Amino acid sequence: MKRLIAIVMALALAMVSTACTGTSSTASSSAPASSEAAESSTVEVEVDEFDAGDVEKPASPYRYSMASGSVGGNFYLVGGGVAQVINSALPDYFSFTTETTGGGTANLGMLQNGDAELGIAMTSSLYEAVNASADWTAGVKHDKLRVACALYPSWLTIYTLKDSGITSFSDLDGKIVGLGSKGAAMDSIFRQMFTDLGITPKQIHNDGHSATATALGNGVIDAAILFSYPPFAAISELESTKDLAFIPLNEDEQNYLTTTYDFYVADAMPGGFYKGAAEDVAGVSEWNMLVTSSDVPEDQIYLITKMLFESTDDLTVIHQSLKYCTAEDTLNSNIYLHAGTVRCLKELGVEVPEELIPPEYQG
């Protein structure tokens, strides 16, 4: 039986920054992020009710939370859409509500503390969480975190005004550079990269990525850096009035990032999404993952991941990036997979590396 669901997509450009990057300088708080008035559009998706097989049906659906992001960003859109697909495909098993949050690190705190059952985060934030290597973790190793499945990649995007004279990463020496929210993974990583490569920006500008794009357009900063799935709304909006250039990394700069941080891979932002980037732009990428907790039972995550892997067509109606929500791409995780995910992958014939199998898996 097909169920028609309407997914509301809020287009609040000013709020895109945190949700697209999944990081926030205040993200250790699980309090909802503030929102602004947003223009909305609706996408209708017909979802088949999923055959749960021999997974025992509960007396009533589990009332769970999906930790997403701030209104208008990819995390908010994707999190809400995935939650609705789960509810519609498995109505006897789950009733998810979507929580508006400060982004990826806030989501990880909620999962660790049992305040949500699913959430979205980038692999850089996952690394910080399990190693307690960032200030936002307050020294707490988030040992309950498990990846349920891959969602989509984000590519390094370095952009500037076309007439800035900046054509390479080394040209950022002596310039004012926007690095997103202070204390977020990307901020600390690129500050260290500048130091290690002997590049000394005149100033680091910390603000949300949408506000940073505005600052670039107003001449407050010289260049901006973020990770996103293109097209990023704030960049497209800026490009409607300004000519932009997109800065590649050279091979040595790519190698620095991929050898220092195992969650980055050498890659190129696909061309054609921006007027100033007709061709691919060399850099690195990392993954956005659907994350859960080891406290969520194996059967439940097994059922959710199996359904999602078989629902790619429904998911891509929500957002084209979700074509990457596959069993094979889930192996890009940099922390333990959930036991239910391991069970699902093995059932599908996917070989799971030992380092991704959690200690609680008993298969």
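Computed from a predicted structure; not experimentally measured.
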Would you please indicate yes or no on a ring centroid separation below 6.0 angstrom for Tyr127 and Tyr261? no
Main chain of Gly276, side chain of Glu239: is a donor-acceptor contact present, judged purely on distance under 3.5 Å? yes
Heavy-atom donor-acceptor pair, Ser333 side chain to Thr330 backbone, under 3.5 Å: no
Shortest non-hydrogen contact from Asp115 to Ser65? O-CB, 4.0 Å
What is the minimum heavy-atom distance between Val140 and His142, and which atoms define it? O-ND1, 2.9 Å
Does atom CG of Asn250 have more than 12 heavy-atom neighbours, drawn from other residues, nucleotides or ligands, at distances under 6.0 Å? yes
Evaluate the ring planes of Tyr64 and Phe94, with Trp represented by its six-membered ring, and classify them as parallel (under 30°), tilted (30 to 60°) or perpendicular (over 60°). tilted
Could you tell me whether the side chain of Gln192 reaches within less than 4.5 Å of the side chain of Tyr256, counting heavy atoms only? yes
Any chance you could measure Asn87, atom CG, to Phe96, atom CZ, to the nearest 0.5 Å? 7.5 Å
From the list Val177, Thr200, Asp173, side chain to side chain contact (heavy atoms under 4.5 Å, CB included) with Phe194 holds only for Val177
Taking Ala148's backbone N and O only, do any of them form a donor-acceptor pair with Thr305's side chain (distance below 3.5 Å, no angle check)? no
Where at least one partner belongs to residues 291-312, residue pairs that pass salt bridge (charged side-chain N to carboxylate O under 4.0 Å, His left out), sequence neighbours excluded: Lys144-Asp295, Glu298-Arg343, Asp299-Arg343, Lys306-Glu347
Atom NZ of Lys202: over 12 foreign heavy atoms under 6.0 Å: no
Option from Phe227, Tyr264, Phe232, Tyr229 for which ring pair (Phe, Tyr, Trp, His ring centres under 6.0 Å) with Trp155 holds: Tyr229
Looking at every non-hydrogen atom in both residues, tell me the closest pair between Met110 and Ala67 and how far apart they are. SD-CB, 4.0 Å
How close do Gly80 and Thr98 get, counting heavy atoms only, and between which atoms? CA-OG1, 3.5 Å
Shared hydrophobic cluster, Ile204 / Trp136 (ILVMFWY, side-chain heavy atoms < 4.5 Å): yes
Rounded to the nearest 0.5 Å, what separation is found between the OH atom of Tyr274 and the CE atom of Met269? 6.0 Å
Please report the closest heavy-atom contact between Pro248 and Glu253, naming both atoms and the distance. O-OE1, 4.3 Å
Restricting to non-hydrogen atoms, name the atom on Thr100 and the atom on Gly69 that form the minimum distance, rounded to 0.1 Å. CG2-O, 3.3 Å
Hey, are Gln112 and Asp143 close enough side-chain-wise for a donor-acceptor pair under 3.5 Å? yes
Hey, any chance Val265 and Phe263 share a hydrophobic cluster, counting ILVMFWY side chains that come within less than 4.5 Å of each other, even indirectly? no
Transitive ILVMFWY side-chain link Leu331 to Tyr336, under 4.5 Å: no
Distance from Ile247 atom CD1 to Ser164 atom OG, nearest 0.5 Å? 6.0 Å
Could you walk me through whether Asp171 and Thr167 satisfy the side-chain hydrogen bond (donor to acceptor under 3.5 Å, both in side chains) test, starting with their C-alpha distance in whole Å, then the side-chain angles of each, then the deciding distance to 0.1 Å, before giving a yes or no? CA-CA 7 Å; Asp171 287 340; Thr167 60; 3.1 Å; yes
For the pair Leu118 and Leu290, evaluate side chain to side chain contact (heavy atoms under 4.5 Å, CB included) and give the outcome as yes or no after the intermediate values. CA-CA 7 Å; Leu118 290 176; Leu290 185 63; 4.2 Å; yes
Thr316 side-chain N/O to Asp313 backbone N/O, donor-acceptor pair under 3.5 Å: yes
Interatomic distance, His338 atom NE2 to Cys149 atom SG [nearest 0.5 angstrom]: 12.0 Å
Using modelled atom types and a 3.5 Å cut-off, is there a donor and acceptor pairing between side-chain atoms of Asn332 and backbone atoms of Asp329? yes
Is there a side-chain contact between Asn107 and Val291 in this structure, where contact means two heavy atoms from C-beta onward sitting under 4.5 Å apart? no
Is it true that Met289 and Leu322 fall in one hydrophobic cluster, defined by side-chain heavy atoms closer than 4.5 Å? yes
Atom pairs and distances, donor-acceptor, side-chain atoms in residues 351-359, under 3.5 Å, two or more places apart:
none

Candidate pair Tyr324 and Trp287, rule side chain to side chain contact (heavy atoms under 4.5 Å, CB included), full reasoning: CA-CA 10 Å; Tyr324 294 99; Trp287 281 85; 3.8 Å; yes
For Phe75 and Met122: C-alpha separation, side-chain torsions, deciding distance, then whether side chain to side chain contact (heavy atoms under 4.5 Å, CB included) applies. CA-CA 10 Å; Phe75 279 17; Met122 298 177 78; 4.1 Å; yes
Sub-4.5 Å side-chain heavy-atom contact between Phe190 and Leu257: yes
Taking CD in Glu360 as the centre, count heavy atoms belonging to other residues, nucleotides or ligands within less than 6.0 Å. Is the count above 12? yes
How many angstroms lie between OG1 in Thr214 and CG in Asp207, if you round to the nearest 0.5 Å? 9.0 Å
I need the Ile225 CD1 to Asp187 CG distance, nearest 0.5 Å. 10.0 Å
Answer yes or no: is there a side-chain heavy-atom contact under 4.5 Å between Met307 and Tyr93? no
So, Ser154 and Asn288: side-chain donor and acceptor under 3.5 Å apart, yes or no? yes
May I ask you to test the Ile158-Leu249 pair for a side-chain heavy-atom distance under 4.5 Å? yes
Report whether Ile235 and Leu156 are members of the same hydrophobic cluster (ILVMFWY, side-chain heavy atoms less than 4.5 Å apart, transitive linking). yes
Is any side-chain heavy atom of Arg146 closer than 4.5 Å to one of Tyr361? no
Got Ile176 and Val220 here, is their nearest side-chain heavy-atom distance under 4.5 Å? no
Hey, are the side chains of Ser125 and Thr105 touching, using non-hydrogen atoms and a 4.5 Å cut-off? yes
Closer than 3.5 angstrom, by distance alone: can the side chain of Gln254 be matched with the main-chain N or O of Gly283 as a donor-acceptor pair? yes
Phe50 vs Leu308, test: side chain to side chain contact (heavy atoms under 4.5 Å, CB included). Steps then yes/no. CA-CA 10 Å; Phe50 188 73; Leu308 291 175; over 6 Å; no
Could you tell me whether the side chain of Ser68 and the main chain of Glu99 form a donor-acceptor pair under 3.5 Å? yes
